[in-house]
Amino acid sequence: MAITITEINIRKPQYLDSRLLAFVTVVFDNSFAITDLRLLQLKDGPFLAMPSKKASTPCQHCKRKNTFDCRYCGKCGKLLEFKAEEHFDVAFPINNEFRQFMLKSILDKYKETA
């Protein structure tokens, strides 16, 4: 089964950022959409950043998971120890061939809108 990209929506940011070129939504086979992709301009060239979310950290006292923006545990109320903020991708290509296919398709659409 061949996968095709049936729609690409490009949203340019409202604020100026030296690296962020656009926010992107991609629709596959008119059946599945991925939102919040970010097209970035890095030193090595364009890069497609996948949608991600903040990881959670457990409270050292009661073990409840809290997001990194919390200072106090939502269950026991104790002060949380700060750790480095981490993110993880929630959608991503399995291989580099598909990543390059997506990047090329999105860059072509981005150039059309410029």
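Not measured: the values here are computed from a predicted model.
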Can you list, pair by pair, the side-chain donor-acceptor contacts under 3.5 Å of residues 104-114, counting residues two or more places apart and other chains?
{"from": "K104", "atom 1": "NZ", "to": "D108", "atom 2": "OD2", "distance (Å)": "3.0"}
{"from": "S105", "atom 1": "OG", "to": "F101", "atom 2": "O", "distance (Å)": "2.9"}
{"from": "T113", "atom 1": "OG1", "to": "Y110", "atom 2": "O", "distance (Å)": "2.8"}

Q. Could you go step by step and tell me if D89 and S52 meet the side chain to side chain donor-acceptor pair (under 3.5 Å) rule?
A. CA-CA 4 Å; D89 292 344; S52 63; 4.8 Å; no

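Around CZ of F98, the count of heavy atoms belonging to other residues, nucleotides or ligands within 6.0 Å exceeds 12. Within a 6.0 Å radius of NZ in K12, other residues, nucleotides and ligands contribute more than 12 heavy atoms.
Nearest heavy atom pair, residue Q60 against residue K63, reads O-NZ, 3.5 Å. C76 and C62 make their closest contact through SG-SG, 3.9 Å (heavy atoms, listed as atom of the first residue, atom of the second, distance).
Proximity of a side-chain donor or acceptor of N66 to a complementary backbone N or O of G74 within less than 3.5 Å is detected. Between the side chain of D29 and the main chain of I3, no donor-acceptor pair closer than 3.5 Å is present. Not a single donor-acceptor pair under 3.5 Å links the side chain of T25 to the backbone N or O of N9.
Rounded to the nearest 0.5 Å, atoms CD1 (I8) and CZ (F28) are 8.5 Å apart. For the atom pair CZ of R64 and CG of L80, the computed distance is 9.5 Å after rounding to the nearest 0.5 Å. In this structure, the separation between NZ on K75 and SG on C59 is 9.0 Å, given to the nearest 0.5 Å. With rounding to the nearest 0.5 Å, the separation of CE in M50 from CE in M102 is 4.5 Å. To the nearest 0.5 Å, atoms CZ (R19) and CD (Q41) are separated by 10.5 Å.
The shortest distance between side-chain heavy atoms of L79 and R71 falls below 4.5 Å.
The same ILVMFWY cluster, assembled from side-chain heavy atoms under 4.5 Å apart, contains both L21 and L103. A chain of hydrophobic side-chain contacts below 4.5 Å, direct or via other Ile, Leu, Val, Met, Phe, Trp or Tyr residues, connects I34 to L39.
Through direct or relayed side-chain contacts under 4.5 Å between Ile, Leu, Val, Met, Phe, Trp and Tyr, L20 connects to Y15, F23, L40, L42, F47.
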